[in-house]
Amino acid sequence: MLRTDDGPTIKLEDYRPTDFVLHSVAMTVRLFEGRAEIDTQLELERREGVAGDARLVLDGDELTLSGLALNGTAVPAETYTASPERLEIASLPATGRFTLDIATRIVPEENTKLMGLYRSNGVWCTQCEAEGFRRITYFLDRPDVLAPYRVRIEADRATAPILLSNGNPAEHGDLPDGRHFAVWDDPFNKPSYLFALVAGDLDSIHEEFETASGKPVTLGIYTEKGRVGQAGYAMDALKRSMWWDERRFGREYDLDVFNIVAIPDFNMGAMENKGLNVFNHKYVLLDPDTATDADYAGVETVIAHEYFHNWTGNRITCRDWFQLCLKEGLTVYRDQEFSADERSAAVQRINSVRRLKAHQFPEDQGPLQHPVRPREYREINNFYTATVYDKGAELVRMIATILGRDGFRKGMDLYFERHDGDAATIEDFIACFEDASGADLSQFALWYSQAGTPSLAVSESWDEASGTLTVGLKQALELGASGTDGDPFHIPVRFGLVGSNGQDKVVTVRHGAEVTGDVIHLTGEEETVIFENVGERPYLSVLRDFSAPVTLHHEQSLSDRLALARLDPNLFNRWRILNDLVAEALVAASRDPQRTAEPPLPAQIVEAILGSAGDDTIEAAYRAQALALPSEQEIARMLAENVDPDAIHAAVDAARRLIGERGRALFERIRAEARPAAEFSPDADSAGRRALANVALGYLAAASGDPAPAEAQYRAARNMTDRLAALAVLVHRFPGTGAATAALADFYARSEDDGLVVDKWFALQATVPDPAALDIVAGLLNHPKFTLRNPNRVRALVGTFAGANQRAFHRADGAGYRWVAERIVELDKLNPQVAARIATTFRSWRSFEAERRRAAQEALEKLSAIPGLSNDTRDIVGRSLR
Ligand code: PHE
Ligand code: ZN
């Protein structure tokens with residue numbers, strides 16, 4: 001039986017401004033062991049035109065009111081009502097400003113949702129996006145209510161020598177009884193979701209940064225005691241981000257200080273609170289012995305992302321939560337561009353596209369599908385999705401592709417100029433690009449409102465006599481999903497006609513779809529482009545740099561594809577074309593597991609992979625990407641129905657062994673050449689070389705069945721990247737053997753006090769590609785280092801199992817589904833947001849074969865019948881079953 005008492009549905013079309021305007025906020029927060037007292041003074045005014053008897057309705061969440069005064073006088077009981085969720089006040093002045101003093105009492109120690117004010121490892125900290133501020137005080141808790149804040153924090157000096165909030169430091173001093181205070185002033189208007197407060201005993205590092213116009217800024221990073229030595233790389237990444245945003249977007253920092261606090265208990269990656277970013281410490285703390293190259297890249301990206309929000313999110317915020325992609329899609333685009341400039345652009349693009357296909361495509365192609373700008377939601381926490389973030393970034397990238405680099409920059413400049421200080425909408429954003437360039441983006445805007453991944457079919461025909469290439473393009477969108485009419489999109493298709501010398505030809509475009517530079521603009525359902533004066537027959541390279549988030553079906557001969565995989569001057573497309581060939585072969589092999597006589601990959605494709613991997617003229621990071629097979633989840637998504645994860649695993653594993661055998665000599669050479677430098681450096685080039693050598697290790701182990709080289713590398717490793725790569729080979733390829741068990745025990749022993757390293761140890765065991773991995777994770781639930789209270793730990797064990805262990809989570813007997821569903825029920829009582837996130841791993845259940853499908857449905861239906869399930873989890877489960 002489905003329950004029907006879900007929370008209300010919030011709709012975009014219902015938006016209207018508040019009845020009351022907020023002018024300023026002054027808060028005093030007194031922190032004690034076991035309780036916090038919050039006094040908030042709001043300066044308010046009835047909005048012009050609003051009825052004189054309209055009541056003020058403030059949001060709350062699990063609050064108790066302990067005092068209420070209007071202009072300094074206690075409000076009589078008969079003129080207000082207070083519940084944990086709402087404070088409603090009548091008889092407020094019809095005109096002019098008035099002050100409201102609101103006192104609330106909360107218990108941060110009991111806050112396991114990690115929203116609002118809570119304690120992490122003894123440190124008081126806050127998380128307010130999206131609707132956490134209402135867990136601290138009653139408020140107009142929505143992003144279009146902006147005000148300057150003045151915040152006074154009081155606490156015991158010994159427990160909390162550090163007192164931080166948004167903005168610039170104003171005053172500080174002593175109080176009786178060993179207590180002290182600090183006052184922070186944030187002059188920039190901001191919405192409540194950007195409020196932050198931190199109090200505790202923290203270590204810190206500081207550096208000075210001078211902005212382009214000569215303004216000094218003091219940068220600070222705060223960590224748990226004893227760990228600030230691991231914050232140096234984050235500080236470096238911060239300074240590089242600040243410098244880059246000045247050069248690339250002309251954006252300078254605005255306050256006198258910029259602080260980052262790293263804490264161990266955090267629901268997400270990090271949070272861009274004005275002048276006081278709060279981070280999951282996973283995205284701050286690093287050293288070569290505990291962090292991999294991927295961790296370094298992740299820290300760089302997240303530091304940049306949160307910093308870039310200062311302009312895209314904070315100075316210009318969102319009118320309402322439907323506009324979330326206005327700040328997130330744009331800021332992801334900005335951090336991707338930063339990483340592309342700091343590292344290899346082609347490899348960064350490959351990484352972003354892999355991520356998009358791994359997370360966003362399945363979301364867009366299943367029951368959790370929603371437009372980049374949703375039209376309705378039941379729980380906003382569930383819309384911090386790959387669609388809003390990653391597809392949102394792709395939409396911004398398409399605007400840049402359509403307008404060109406200069407046109408895009410002009411639109412951004414206009415956006416900053418026109419909307420600084422505003423709470424804006426997607427319409428405002430798009431209008432800036434139209435006004436700055438004169439382009440009409442009305443059809444393009446459909447990408448924001450219409451969900452689903454469009455398919456793009458490309459065909460070509462060559463006329464030898466006239467030297468003419470005719471290209472047909474056709475788009476389609478699967479119908480039936482919410483808000484999908486199947487109207488044609490404006491799809492920018494970046495292309496090139498590649499000659500046998502590996503260079504793009506200069507050709508004449510006769511007619512058909514609009515072509516500007518190297519971009520075909522497909523705007524109709526079906527269009528043709530004719531290229532003349534082509535000379536010898538070219539290889540047609542389309543969708544370069546993945547210029548649109550579509551699924552491509554290019555009718556192209558195997559020999560043309562293999563030629564492009566070798567020749568295309570667009571390095572991204574070389575990878576994409578090879579990767580598509582491999583994926584298609586693996587899909588075919590997985591669909592037909594009986595076909596054991598045939599090799600899982602045709603010899604020509606294996607040779608192409610090895611050719612790319614062995615090309616010393618290309619950067620190592622790219623060569624490692626050419627060797628990385630599509631994930632088993634990606635094969636499942638492409639299969640789309642009747643998915644059998646065991647068959648997929650068998651196909652992928654056979655391919656791995658085949659490549660390992662054919663490439664043995666190459667892999668030995670790569671490993672021999674990859675002598676580690678005397679000192680570890682996290683730079684992209686060194687990381688790329690480590691990545692290539694470690695992929696080679698994996699292939700050699702697959703081909704030989706011999707754990708000895710991995711064992712030797714594990715013992716000799718002098719950094720986490722090489723150690724973890726060797727351990728992964730041992731644990732995933734030789735599970736349960738003496739070699740794997742010994743290395744796992746050693747890994748644990750050397751790092752049991754570092755939660756972030758223990759997370760790697762949990763995650764590795766949760767991803768053993770075998771249905772029996774369920775027994776391993778079930779056992780690890782009782783491990784002393786496991787706790788449901790730390791989101792990183794939960795994600796490492798339960799999240800990784802459900803999200804990345806296809807064979808075990810989707811076990812035919814349904815035991816994987818039942819186990820994860822049980823964890824969701826337990827976790828939901830403590831932290832609904834993280835529980836709901838884990839529940840999304842069921843989203844593709846309908847694509848599995850019948851036995852698994854039935855088991856998944858049963859587990860989901862059982863979940864949805866649990867009384868008292870949170871709104872967060874109920875929303876995900878309900879939509880998944882729809
Ligand atoms: N706004 C944060 C970011 O993208 C993500 C976040 C959302 C963090 C909600 C916490 C809560 O950087
Ligand atoms: Zn963000």
Side-chain angles (χ1 to χ4, degrees), residues 61 111 113-118 120 125-136 141-143 166 190-198 234 237-238 241 245 258 260-284 298-318 321-339 352 355 359-360 372 377 379-393 395-396 791-792 795 831-837 840 872:
D61 183 8
N111 184 348
K113 295 183 178 173
L114 313 186
M115 286 293 277
L117 175 61
Y118 64 97
S120 176
C125 59
T126 56
Q127 172 52 44
C128 292
E129 187 177 7
E131 297 176 336
F133 194 68
R134 64 183 65 181
R135 296 170 56 77
I136 298 172
D141 192 15
R142 40 187 280 174
N166 313 92
K190 70 163 176 286
S192 51
Y193 81 85
L194 291 174
F195 169 84
L197 169 158
V198 172
L238 173 60
S241 306
D245 212 16
F258 185 79
I260 291 174
V261 179
I263 54 166
D265 305 283
F266 199 72
N267 283 350
M268 307 278 272
M271 181 62 211
E272 70 263 23
N273 317 298
K274 182 79 188 188
L276 178 56
N277 287 186
V278 176
F279 271 61
N280 184 330
H281 70 175
K282 174 179 165 58
Y283 292 107
V284 173
V299 166
E300 182 176 79
T301 297
V302 179
I303 291 271
H305 179 97
E306 305 311 330
Y307 174 72
F308 296 156
H309 267 314
N310 191 55
W311 274 96
T312 50
N314 301 3
R315 294 281 293 244
I316 306 177
T317 192
C318 303
W321 291 120
F322 297 102
Q323 321 295 329
L324 185 56
C325 64
L326 178 72
K327 74 177 178 82
E328 295 305 347
L330 177 54
T331 305
V332 170
Y333 171 74
R334 274 151 56 67
D335 82 53
Q336 289 178 350
E337 288 295 287
F338 169 72
S339 296
S352 304
R355 190 185 151 87
H359 301 287
Q360 201 278 325
V372 172
Y377 61 77
E379 175 50 69
I380 188 57
N381 289 333
N382 289 339
F383 283 82
Y384 289 80
T385 59
T387 297
V388 168
Y389 276 66
D390 297 289
K391 188 172 179 182
L395 304 200
V396 177
N792 287 355
R795 283 185 284 252
N831 190 329
Q833 209 176 312
V834 176
R837 178 70 56 149
T840 65
D872 304 57

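Keep in mind that the numbers below use all heavy atoms, side chains included, and drop hydrogens, waters and symmetry copies. Indexing begins at 1, ligand by ligand and atom by atom, following the structure's order.
Aromatic rings of F322 and Y377 (six-membered ring for Trp) have centroids within the 6.0 Å cut-off, being under it.
Set against the non-hydrogen atoms of Y389, the atoms of ligand 1 under 4.0 Å away are 1 (N), 2 (C), 3 (C), 4 (O), 5 (C). Close approach of ligand 1 to K327 is summarised as follows: ligand atoms under 4.0 Å from at least one heavy atom of the residue are 1 (N). Listed by number with element, the atoms of ligand 1 under 4.0 Å from a non-hydrogen atom of A270 are 2 (C), 3 (C), 5 (C), 6 (C), 8 (C), 12 (O). With ligand atoms numbered from 1 in the order given, ligand 1 contributes 3 (C), 4 (O), 12 (O) to contacts under 4.0 Å with heavy atoms of H309. Applying the 4.0 Å criterion to heavy atoms of E306 picks out, from ligand 1, the atoms 3 (C), 12 (O).
Using bins of under 30°, 30° to 60° and over 60° for the plane-to-plane angle, the ring pair Y384/Y389 lands in the tilted bin. Classification of the Y307-F258 ring pair by plane angle, with boundaries at 30° and 60°, yields perpendicular.
E131 has a carboxylate O that lies under 4.0 Å from a charged side-chain N of R134, or vice versa, which qualifies the two as a salt bridge.
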For N111 and R135, what are the C-alpha separation, side-chain angles and deciding distance, and is it a side chain to side chain donor-acceptor pair (under 3.5 Å)? CA-CA 10 Å; N111 184 348; R135 296 170 56 77; 3.2 Å; yes
List the steps, then state whether side chain to side chain donor-acceptor pair (under 3.5 Å) holds for T331 with H309. CA-CA 6 Å; T331 305; H309 267 314; 3.2 Å; yes
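Across T312, N277, V332, a single residue satisfies side-chain contact (heavy atoms from CB on, under 4.5 Å) together with H305, and that is V332.
Vertex the Zn ion (ligand 2); arms to H309 NE2 and E328 OE1; angle rounded to 10 degrees, 100°.
Among the atoms of Q127, none of the N or O lies under 3.5 angstrom from an N or O of ligand 1. When only interatomic distances are considered, the shortest N/O to N/O separation between E328 and ligand 1 falls below 3.5 Å.
Minimum interatomic distance between N166 and K274 (heavy atoms only, all atoms of both residues): ND2-O, 3.0 Å.
Of all N/O/S atoms in H305, NE2 sits nearest the Zn ion (ligand 2).
The protein heavy-atom contact nearest to atom 9 (C) of ligand 1 is E129 O, 3.6 Å.
Nearest-residue assignment for atom 2 (C) of ligand 1 (options M268, M115, Q833, E272; heavy-atom criterion): E272.
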